[in-house]
Amino acid sequence: MVDLRSGSRAFTGSLVLLGFLGMAQAQEEAMIKRATQLRAAPGDTSSALADLAASAKVTRTAQRQGAWVQVRAESGATGWIHMFDIGTPARDNAAASALRAVGNPLGGVGSTAVSTSTVGIRGLGEGNVSQSVGASGRGAPQSQGMGQADRMRVTANEARTFAAAAALQPRRVDALPVTHFAAAAEAASSMASAAAPAAADTHSAMNALLQSADSLTEAQEIELGRQMAALLLQGKPLDPAPEMQRYVNLLGRWVSLQSSRPQLPWTFVVVDESDFNAYSTPGGYVFLTRGLVDRCADEAELAGILAHEIAHVASRHHLRAMHSAARSGKVSPSLTALARHTHTLGLGAEAEHAADREAVVLAARAGLDPFGLVSALVQLNALGDSDLQFADAHPQSRLRLDHLERAMAQPIHPAAGAAAPVTIDERLASHAVK
(Lines give C-alpha, C1' and ligand atoms only; values in the text may rest on other atoms or scores of the structure.)
Protein backbone atom coordinates (compact mmCIF):
# COMPACT_ATOMS: atom_id res chain seq x y z
CA MET A 1 0.00 0.00 0.00
CA VAL A 2 1.27 3.48 -0.85
CA ASP A 3 1.51 5.91 2.07
CA LEU A 4 -0.58 8.89 0.98
CA ARG A 5 1.31 11.18 3.34
CA SER A 6 4.70 10.44 1.82
CA GLY A 7 3.84 10.06 -1.87
CA SER A 8 7.01 9.43 -3.86
CA ARG A 9 9.29 11.60 -1.73
CA ALA A 10 12.91 10.55 -1.39
CA PHE A 11 14.26 10.92 2.15
CA THR A 12 17.82 10.96 3.40
CA GLY A 13 18.82 11.83 6.93
CA SER A 14 15.57 13.71 7.53
CA LEU A 15 13.62 10.46 7.74
CA VAL A 16 15.47 9.37 10.85
CA LEU A 17 15.09 12.77 12.50
CA LEU A 18 11.39 13.10 11.73
CA GLY A 19 10.81 9.57 12.93
CA PHE A 20 12.50 10.48 16.20
CA LEU A 21 10.34 13.57 16.56
CA GLY A 22 7.25 11.45 15.92
CA MET A 23 8.26 9.06 18.70
CA ALA A 24 8.94 11.99 21.01
CA GLN A 25 5.44 13.28 20.35
CA ALA A 26 3.83 10.02 21.45
CA GLN A 27 6.03 9.58 24.55
CA GLU A 28 6.95 13.08 25.75
CA GLU A 29 7.99 13.61 29.32
CA ALA A 30 6.14 16.54 30.87
CA MET A 31 5.90 18.26 34.23
CA ILE A 32 2.71 19.06 36.14
CA LYS A 33 2.27 22.84 36.46
CA ARG A 34 0.03 22.77 39.54
CA ALA A 35 -1.46 20.15 41.81
CA THR A 36 -4.18 18.22 40.03
CA GLN A 37 -5.73 14.76 39.84
CA LEU A 38 -5.19 11.93 37.39
CA ARG A 39 -8.62 11.09 35.99
CA ALA A 40 -9.95 7.75 34.76
CA ALA A 41 -11.46 9.40 31.69
CA PRO A 42 -11.48 12.87 30.09
CA GLY A 43 -13.43 15.41 32.14
CA ASP A 44 -13.54 16.91 35.63
CA THR A 45 -16.43 14.65 36.64
CA SER A 46 -14.52 11.43 35.97
CA SER A 47 -13.26 9.47 38.97
CA ALA A 48 -9.83 10.37 40.31
CA LEU A 49 -7.12 7.73 40.09
CA ALA A 50 -4.34 9.57 41.89
CA ASP A 51 -3.22 12.96 43.12
CA LEU A 52 -0.46 14.64 41.12
CA ALA A 53 1.68 17.22 42.91
CA ALA A 54 3.04 20.33 41.28
CA SER A 55 6.30 19.59 39.41
CA ALA A 56 5.53 15.86 39.29
CA LYS A 57 6.78 14.18 36.14
CA VAL A 58 4.43 12.37 33.77
CA THR A 59 4.81 10.85 30.32
CA ARG A 60 2.31 11.93 27.70
CA THR A 61 0.92 9.27 25.36
CA ALA A 62 -0.51 9.91 21.90
CA GLN A 63 -4.11 9.91 23.15
CA ARG A 64 -6.05 13.18 23.33
CA GLN A 65 -9.73 14.04 23.75
CA GLY A 66 -10.48 17.73 23.41
CA ALA A 67 -8.64 19.55 26.19
CA TRP A 68 -7.62 16.30 27.90
CA VAL A 69 -4.51 14.22 27.29
CA GLN A 70 -3.60 10.77 28.49
CA VAL A 71 -0.46 10.52 30.63
CA ARG A 72 1.39 7.91 32.63
CA ALA A 73 2.44 8.88 36.14
CA GLU A 74 5.74 7.86 37.73
CA SER A 75 3.77 5.32 39.79
CA GLY A 76 2.79 3.58 36.55
CA ALA A 77 -0.86 4.66 36.69
CA THR A 78 -2.30 5.85 33.38
CA GLY A 79 -5.07 8.42 33.21
CA TRP A 80 -6.12 11.82 31.92
CA ILE A 81 -5.22 15.41 32.82
CA HIS A 82 -6.19 18.78 31.36
CA MET A 83 -3.67 20.20 28.89
CA PHE A 84 -3.43 23.48 30.79
CA ASP A 85 -2.12 21.51 33.79
CA ILE A 86 1.03 20.57 31.85
CA GLY A 87 3.97 22.84 32.65
CA THR A 88 7.35 23.61 31.13
CA PRO A 89 10.05 20.94 31.55
CA ALA A 90 12.73 21.93 34.04
CA ARG A 91 15.51 20.52 31.86
CA ASP A 92 16.63 20.13 28.27
CA ASN A 93 15.67 16.96 26.45
CA ALA A 94 16.82 14.97 23.42
CA ALA A 95 13.76 15.91 21.38
CA ALA A 96 14.48 19.61 21.84
CA SER A 97 18.06 19.05 20.71
CA ALA A 98 16.79 17.25 17.62
CA LEU A 99 14.37 20.08 16.86
CA ARG A 100 17.15 22.65 17.16
CA ALA A 101 19.18 20.61 14.66
CA VAL A 102 16.43 20.79 12.03
CA GLY A 103 17.24 23.33 9.36
CA ASN A 104 20.98 23.32 9.98
CA PRO A 105 22.56 20.10 8.61
CA LEU A 106 19.39 19.33 6.69
CA GLY A 107 18.75 22.87 5.57
CA GLY A 108 21.86 23.16 3.45
CA VAL A 109 24.78 25.56 3.56
CA GLY A 110 23.84 29.06 4.60
CA SER A 111 20.48 28.11 6.08
CA THR A 112 19.74 30.26 9.11
CA ALA A 113 17.12 28.92 11.52
CA VAL A 114 15.06 31.65 13.12
CA SER A 115 11.71 31.38 14.82
CA THR A 116 8.30 31.09 13.26
CA SER A 117 5.25 33.05 14.29
CA THR A 118 3.31 29.86 14.83
CA VAL A 119 5.06 26.91 16.39
CA GLY A 120 8.49 26.06 15.11
CA ILE A 121 11.60 27.12 13.27
CA ARG A 122 11.13 29.47 10.35
CA GLY A 123 14.17 28.42 8.36
CA LEU A 124 14.21 31.68 6.37
CA GLY A 125 17.72 33.08 6.31
CA GLU A 126 18.74 36.49 5.08
CA GLY A 127 20.55 34.86 2.18
CA ASN A 128 17.32 33.26 1.01
CA VAL A 129 15.56 36.59 0.88
CA SER A 130 18.30 38.83 -0.44
CA GLN A 131 19.02 36.50 -3.31
CA SER A 132 15.37 36.26 -4.34
CA VAL A 133 14.48 39.80 -5.39
CA GLY A 134 16.25 43.05 -6.15
CA ALA A 135 16.77 45.76 -3.60
CA SER A 136 13.89 47.81 -4.98
CA GLY A 137 11.36 45.12 -4.24
CA ARG A 138 9.54 45.86 -7.51
CA GLY A 139 8.50 43.09 -9.77
CA ALA A 140 9.71 40.13 -7.71
CA PRO A 141 10.10 37.10 -9.97
CA GLN A 142 7.20 34.67 -9.93
CA SER A 143 8.75 31.29 -9.20
CA GLN A 144 7.51 28.16 -10.85
CA GLY A 145 6.25 27.08 -7.45
CA MET A 146 3.80 30.00 -7.37
CA GLY A 147 2.10 28.71 -10.50
CA GLN A 148 1.78 25.31 -8.87
CA ALA A 149 0.43 26.89 -5.70
CA ASP A 150 -2.20 28.85 -7.61
CA ARG A 151 -3.36 25.71 -9.40
CA MET A 152 -3.83 23.93 -6.06
CA ARG A 153 -6.19 26.64 -4.77
CA VAL A 154 -9.73 25.37 -4.13
CA THR A 155 -13.03 27.22 -4.24
CA ALA A 156 -15.32 27.99 -1.33
CA ASN A 157 -17.84 25.48 -2.66
CA GLU A 158 -15.21 22.75 -2.81
CA ALA A 159 -14.33 23.52 0.80
CA ARG A 160 -17.99 23.31 1.82
CA THR A 161 -18.33 19.97 0.04
CA PHE A 162 -15.27 18.70 1.89
CA ALA A 163 -16.69 19.87 5.22
CA ALA A 164 -20.01 18.15 4.58
CA ALA A 165 -18.28 14.89 3.66
CA ALA A 166 -16.07 15.17 6.74
CA ALA A 167 -19.11 15.87 8.97
CA LEU A 168 -17.74 19.28 9.97
CA GLN A 169 -20.73 21.38 10.93
CA PRO A 170 -20.29 25.16 11.27
CA ARG A 171 -21.05 26.51 14.74
CA ARG A 172 -21.94 29.87 16.15
CA VAL A 173 -19.08 30.78 18.48
CA ASP A 174 -18.44 34.12 20.13
CA ALA A 175 -15.01 35.72 20.03
CA LEU A 176 -12.74 35.22 23.01
CA PRO A 177 -11.84 38.22 25.19
CA VAL A 178 -9.60 40.46 23.10
CA THR A 179 -7.21 43.32 23.71
CA HIS A 180 -7.66 46.81 22.31
CA PHE A 181 -4.97 46.04 19.74
CA ALA A 182 -6.85 43.02 18.40
CA ALA A 183 -10.17 44.86 18.29
CA ALA A 184 -8.61 47.68 16.29
CA ALA A 185 -7.02 45.23 13.90
CA GLU A 186 -10.30 43.41 13.35
CA ALA A 187 -12.13 46.67 12.67
CA ALA A 188 -9.50 47.73 10.19
CA SER A 189 -9.61 44.39 8.39
CA SER A 190 -13.40 44.61 8.13
CA MET A 191 -13.15 48.03 6.51
CA ALA A 192 -10.53 46.75 4.12
CA SER A 193 -12.75 43.83 3.14
CA ALA A 194 -15.56 46.19 2.17
CA ALA A 195 -13.41 47.96 -0.40
CA ALA A 196 -13.96 46.88 -4.00
CA PRO A 197 -10.88 45.16 -5.48
CA ALA A 198 -9.10 47.10 -8.19
CA ALA A 199 -6.05 46.59 -10.36
CA ALA A 200 -2.83 46.92 -8.41
CA ASP A 201 0.91 46.84 -8.93
CA THR A 202 3.75 46.37 -6.48
CA HIS A 203 4.99 49.96 -6.73
CA SER A 204 1.63 51.53 -5.88
CA ALA A 205 1.03 48.95 -3.16
CA MET A 206 4.37 49.75 -1.52
CA ASN A 207 3.64 53.48 -1.66
CA ALA A 208 0.31 52.86 0.05
CA LEU A 209 1.91 50.65 2.70
CA LEU A 210 4.45 53.33 3.57
CA GLN A 211 1.57 55.73 4.20
CA SER A 212 -0.52 53.40 6.35
CA ALA A 213 -1.26 49.69 6.66
CA ASP A 214 -4.95 50.55 6.38
CA SER A 215 -4.56 52.59 3.21
CA LEU A 216 -3.93 49.59 0.95
CA THR A 217 -6.84 48.37 -1.11
CA GLU A 218 -7.55 44.66 -0.97
CA ALA A 219 -6.11 44.29 -4.47
CA GLN A 220 -2.89 45.99 -3.37
CA GLU A 221 -2.68 43.76 -0.31
CA ILE A 222 -3.09 40.67 -2.49
CA GLU A 223 -0.41 41.91 -4.90
CA LEU A 224 2.10 42.54 -2.10
CA GLY A 225 1.29 39.19 -0.55
CA ARG A 226 1.81 37.39 -3.83
CA GLN A 227 5.19 39.02 -4.35
CA MET A 228 6.22 38.12 -0.81
CA ALA A 229 4.98 34.56 -1.29
CA ALA A 230 7.06 34.23 -4.47
CA LEU A 231 10.06 35.53 -2.55
CA LEU A 232 9.58 33.03 0.26
CA LEU A 233 8.86 30.10 -2.03
CA GLN A 234 11.60 30.64 -4.57
CA GLY A 235 13.90 27.65 -4.69
CA LYS A 236 11.77 25.64 -2.25
CA PRO A 237 10.25 22.37 -3.53
CA LEU A 238 6.56 21.74 -3.03
CA ASP A 239 5.49 18.48 -1.46
CA PRO A 240 4.90 16.09 -4.38
CA ALA A 241 1.90 14.28 -2.85
CA PRO A 242 -1.19 15.77 -4.56
CA GLU A 243 -3.54 14.26 -1.98
CA MET A 244 -1.75 16.13 0.80
CA GLN A 245 -1.77 19.44 -1.07
CA ARG A 246 -5.47 19.14 -1.83
CA TYR A 247 -6.32 18.13 1.71
CA VAL A 248 -4.49 21.08 3.28
CA ASN A 249 -6.16 23.45 0.79
CA LEU A 250 -9.62 22.03 1.52
CA LEU A 251 -9.14 22.16 5.29
CA GLY A 252 -7.55 25.60 5.23
CA ARG A 253 -10.17 27.03 2.89
CA TRP A 254 -12.95 25.70 5.11
CA VAL A 255 -11.41 27.36 8.16
CA SER A 256 -10.87 30.61 6.21
CA LEU A 257 -14.60 30.72 5.41
CA GLN A 258 -15.20 31.27 9.13
CA SER A 259 -12.92 34.32 9.19
CA SER A 260 -13.78 37.98 8.67
CA ARG A 261 -12.28 37.84 5.16
CA PRO A 262 -13.55 34.71 3.39
CA GLN A 263 -13.37 36.41 -0.02
CA LEU A 264 -9.55 36.50 -0.15
CA PRO A 265 -7.90 34.10 -2.64
CA TRP A 266 -6.76 31.79 0.14
CA THR A 267 -3.97 29.47 -0.98
CA PHE A 268 -2.31 26.81 1.18
CA VAL A 269 1.01 25.23 0.29
CA VAL A 270 2.91 22.31 1.81
CA VAL A 271 6.63 22.84 1.25
CA ASP A 272 8.78 19.72 0.99
CA GLU A 273 11.12 20.59 3.86
CA SER A 274 11.82 18.87 7.15
CA ASP A 275 11.73 22.09 9.22
CA PHE A 276 9.03 22.46 11.87
CA ASN A 277 7.52 25.61 10.39
CA ALA A 278 4.48 27.62 9.25
CA TYR A 279 4.23 31.18 7.89
CA SER A 280 1.99 33.35 5.77
CA THR A 281 1.86 36.51 3.69
CA PRO A 282 -0.79 39.22 3.18
CA GLY A 283 -3.64 38.42 0.84
CA GLY A 284 -4.10 34.79 1.85
CA TYR A 285 -0.95 32.73 1.16
CA VAL A 286 -0.21 30.20 3.92
CA PHE A 287 2.79 27.87 3.94
CA LEU A 288 3.50 24.79 6.04
CA THR A 289 6.50 22.52 5.88
CA ARG A 290 6.03 18.79 5.52
CA GLY A 291 7.97 18.37 8.74
CA LEU A 292 5.28 20.32 10.59
CA VAL A 293 2.42 18.40 8.97
CA ASP A 294 4.05 15.10 9.88
CA ARG A 295 4.46 16.37 13.45
CA CYS A 296 0.71 17.04 13.87
CA ALA A 297 -0.97 14.28 15.84
CA ASP A 298 -4.38 14.89 14.31
CA GLU A 299 -6.48 17.09 12.06
CA ALA A 300 -7.36 19.50 14.86
CA GLU A 301 -3.71 20.38 15.45
CA LEU A 302 -3.18 21.03 11.74
CA ALA A 303 -6.37 23.12 11.59
CA GLY A 304 -5.29 25.14 14.64
CA ILE A 305 -1.98 26.01 13.00
CA LEU A 306 -3.72 26.96 9.75
CA ALA A 307 -6.24 29.04 11.70
CA HIS A 308 -3.43 30.93 13.46
CA GLU A 309 -1.94 31.98 10.12
CA ILE A 310 -5.39 32.79 8.71
CA ALA A 311 -5.97 35.07 11.70
CA HIS A 312 -2.71 36.92 11.02
CA VAL A 313 -3.73 37.55 7.42
CA ALA A 314 -7.33 38.51 8.20
CA SER A 315 -6.16 41.08 10.75
CA ARG A 316 -3.42 42.47 8.48
CA HIS A 317 -0.74 41.79 11.05
CA HIS A 318 2.00 41.48 8.43
CA LEU A 319 1.16 44.85 6.88
CA ARG A 320 1.13 46.57 10.26
CA ALA A 321 4.50 45.09 11.19
CA MET A 322 6.00 46.08 7.83
CA HIS A 323 4.62 49.61 8.07
CA SER A 324 5.99 50.04 11.59
CA ALA A 325 9.40 48.74 10.52
CA ALA A 326 9.51 51.14 7.57
CA ARG A 327 8.49 54.12 9.71
CA SER A 328 11.13 53.29 12.31
CA GLY A 329 13.86 54.28 9.87
CA LYS A 330 15.87 51.20 10.82
CA VAL A 331 14.74 49.13 7.82
CA SER A 332 14.97 50.01 4.14
CA PRO A 333 11.47 50.76 2.80
CA SER A 334 11.68 48.03 0.15
CA LEU A 335 9.67 44.84 -0.14
CA THR A 336 12.81 42.70 0.19
CA ALA A 337 14.05 44.38 3.35
CA LEU A 338 10.63 44.56 5.00
CA ALA A 339 9.86 40.93 4.20
CA ARG A 340 13.20 39.85 5.65
CA HIS A 341 12.67 41.97 8.76
CA THR A 342 9.11 40.75 9.39
CA HIS A 343 9.87 37.09 8.88
CA THR A 344 12.98 37.26 11.02
CA LEU A 345 11.72 39.30 13.97
CA GLY A 346 8.07 38.28 13.83
CA LEU A 347 4.82 40.24 14.10
CA GLY A 348 4.89 41.19 17.77
CA ALA A 349 3.59 39.61 20.97
CA GLU A 350 0.18 41.28 20.80
CA ALA A 351 -0.36 40.04 17.26
CA GLU A 352 0.63 36.51 18.26
CA HIS A 353 -1.74 36.44 21.22
CA ALA A 354 -4.53 37.89 19.09
CA ALA A 355 -3.94 35.27 16.37
CA ASP A 356 -3.96 32.49 18.98
CA ARG A 357 -7.32 33.65 20.35
CA GLU A 358 -8.81 34.02 16.90
CA ALA A 359 -7.46 30.64 15.79
CA VAL A 360 -9.29 28.90 18.63
CA VAL A 361 -12.54 30.60 17.60
CA LEU A 362 -12.10 29.89 13.88
CA ALA A 363 -11.48 26.20 14.54
CA ALA A 364 -14.56 25.98 16.76
CA ARG A 365 -16.69 27.78 14.17
CA ALA A 366 -15.49 25.31 11.54
CA GLY A 367 -16.74 22.39 13.64
CA LEU A 368 -13.22 21.36 14.64
CA ASP A 369 -11.67 20.81 18.05
CA PRO A 370 -10.59 24.28 19.26
CA PHE A 371 -7.93 22.70 21.48
CA GLY A 372 -5.88 21.65 18.45
CA LEU A 373 -3.65 24.72 18.59
CA VAL A 374 -3.32 24.33 22.35
CA SER A 375 -2.17 20.75 21.84
CA ALA A 376 0.46 21.86 19.32
CA LEU A 377 1.74 24.52 21.73
CA VAL A 378 1.87 21.98 24.57
CA GLN A 379 4.06 19.79 22.39
CA LEU A 380 6.39 22.66 21.59
CA ASN A 381 6.53 23.63 25.25
CA ALA A 382 7.51 20.05 26.12
CA LEU A 383 10.36 20.32 23.61
CA GLY A 384 11.66 23.38 25.41
CA ASP A 385 11.30 26.31 22.98
CA SER A 386 12.87 28.61 25.56
CA ASP A 387 16.18 27.34 24.18
CA LEU A 388 15.30 27.92 20.53
CA GLN A 389 16.05 31.65 20.23
CA PHE A 390 12.34 32.53 20.08
CA ALA A 391 12.37 35.62 22.28
CA ASP A 392 12.89 38.16 19.51
CA ALA A 393 10.17 36.80 17.23
CA HIS A 394 7.25 35.81 19.43
CA PRO A 395 6.29 34.89 22.98
CA GLN A 396 7.48 31.52 24.22
CA SER A 397 4.89 28.76 24.07
CA ARG A 398 4.43 28.72 27.86
CA LEU A 399 3.39 32.39 27.77
CA ARG A 400 1.03 31.75 24.89
CA LEU A 401 -0.50 28.82 26.77
CA ASP A 402 -0.98 30.96 29.88
CA HIS A 403 -2.66 33.62 27.74
CA LEU A 404 -4.97 31.06 26.09
CA GLU A 405 -5.83 29.49 29.43
CA ARG A 406 -7.13 32.83 30.67
CA ALA A 407 -8.95 33.55 27.40
CA MET A 408 -10.54 30.07 27.31
CA ALA A 409 -11.69 30.10 30.93
CA GLN A 410 -15.32 29.84 29.82
CA PRO A 411 -16.61 26.97 27.65
CA ILE A 412 -16.37 27.85 23.97
CA HIS A 413 -19.17 25.61 22.68
CA PRO A 414 -21.00 22.59 24.17
CA ALA A 415 -19.79 20.33 21.34
CA ALA A 416 -16.23 21.64 21.23
CA GLY A 417 -13.72 18.83 21.65
CA ALA A 418 -16.39 16.18 22.19
CA ALA A 419 -15.67 14.13 19.08
CA ALA A 420 -12.84 11.64 18.86
CA PRO A 421 -9.75 13.04 17.11
CA VAL A 422 -9.32 12.29 13.41
CA THR A 423 -5.76 11.64 12.30
CA ILE A 424 -4.41 13.12 9.09
CA ASP A 425 -3.92 9.63 7.64
CA GLU A 426 -7.55 8.79 8.36
CA ARG A 427 -8.75 11.93 6.64
CA LEU A 428 -6.49 11.39 3.63
CA ALA A 429 -7.92 7.89 3.21
CA SER A 430 -11.52 9.11 3.44
CA HIS A 431 -13.77 10.05 0.55
CA ALA A 432 -13.85 13.66 1.81
CA VAL A 433 -10.53 14.45 0.13
CA LYS A 434 -11.23 12.68 -3.15
- Could you tell me how the ring of H312 sits relative to the ring of H318: parallel (under 30°), tilted (30 to 60°) or perpendicular (over 60°)?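 The rings of H312 and H318 stand perpendicular, inter-plane angle above 60°.
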In Å and rounded to the nearest 0.5 Å, what is the [atom1] to [atom2] distance from [X] to [Y]?
X    : Y    : atom1 : atom2 : result
L368 : L362 : CG    : CG    : 10.5 Å
I424 : D294 : CD1   : CG    : 7.5 Å
M31  : L52  : CE    : CG    : 13.0 Å
L224 : T281 : CG    : OG1   : 9.5 Å
L38  : W80  : CG    : CH2   : 11.0 Å
L347 : S280 : CG    : OG    : 7.0 Å

Under 3.5 Å, is there a donor-acceptor pair between the [X] and [Y] side chains?
X    : Y    : result
R357 : H403 : yes
R72  : T78  : no
R160 : N157 : yes
H308 : E352 : yes
D298 : T423 : no
Q169 : R171 : no
Q148 : Q245 : no
E273 : T289 : no
Q65  : Q70  : no

Determine, for [X] against [Y], whether the closest basic-nitrogen to carboxylate-oxygen distance falls under 4.0 angstrom.
X    : Y    : answer
D214 : R320 : yes
E74  : K57  : no
E405 : R400 : no

- Message: Would V71 and T59 count as a side-chain contact (heavy atoms from CB on, under 4.5 Å) here? Give the steps.
- Response: CA-CA 5 Å; V71 299; T59 301; over 6 Å; no
Taking all non-hydrogen atoms of both residues into account, name the closest pair between [X] and [Y] and its distance.
X    : Y    : result
A175 : V361 : CA-CG2, 4.0 Å
A359 : A311 : N-CB, 4.4 Å
A159 : L250 : CB-O, 4.0 Å
M228 : A339 : CE-CB, 4.2 Å
L49  : G79  : CD1-CA, 4.1 Å
A364 : V173 : CB-CG2, 3.8 Å

- Message: Holding to salt bridge (Lys or Arg N to Asp or Glu O under 4.0 Å), I want the full list of residues that pass it with R327, two or more places apart in sequence or in another chain.
- Response: none
- Item | Partners meeting salt bridge (Lys or Arg N to Asp or Glu O under 4.0 Å) with R253 (sequence neighbours left out) |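 Scan of R253 (salt bridge (Lys or Arg N to Asp or Glu O under 4.0 Å), adjacent residues dropped) gives none.
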- May I have the step-by-step check of side-chain contact (heavy atoms from CB on, under 4.5 Å) for H82 and D85, ending in yes or no? CA-CA 5 Å; H82 198 285; D85 288 333; 3.7 Å; yes
Is a side-chain donor or acceptor of [X] paired with a backbone partner of [Y] at a separation under 3.5 angstrom?
X    : Y    : value
K33  : F84  : yes
T344 : R340 : yes
D272 : P237 : no
W266 : W254 : no
T267 : P265 : yes
S259 : R261 : yes

Min side-chain heavy-atom separation [X]-[Y] under 4.5 Å:
X    : Y    : result
V313 : E309 : no
M83  : F371 : yes
E301 : R295 : no
S47  : R39  : no
V374 : M408 : yes
L238 : V271 : no
L251 : F162 : yes
V69  : R64  : yes

- CG/D174: more than 12 non-hydrogen atoms of other groups inside 6.0 Å: no
- Intermediate values then yes/no, side-chain contact (heavy atoms from CB on, under 4.5 Å), E158 and R246: CA-CA 10 Å; E158 286 179 297; R246 180 163 178 79; 3.4 Å; yes
- Please assess R226 against Y285 for the test side-chain hydrogen bond (donor to acceptor under 3.5 Å, both in side chains), listing each intermediate value before the final yes or no. CA-CA 7 Å; R226 181 173 175 77; Y285 283 94; 2.7 Å; yes
- Could you please spell out the steps behind the side-chain contact (heavy atoms from CB on, under 4.5 Å) verdict for V286 and L306? CA-CA 8 Å; V286 176; L306 291 170; 4.1 Å; yes
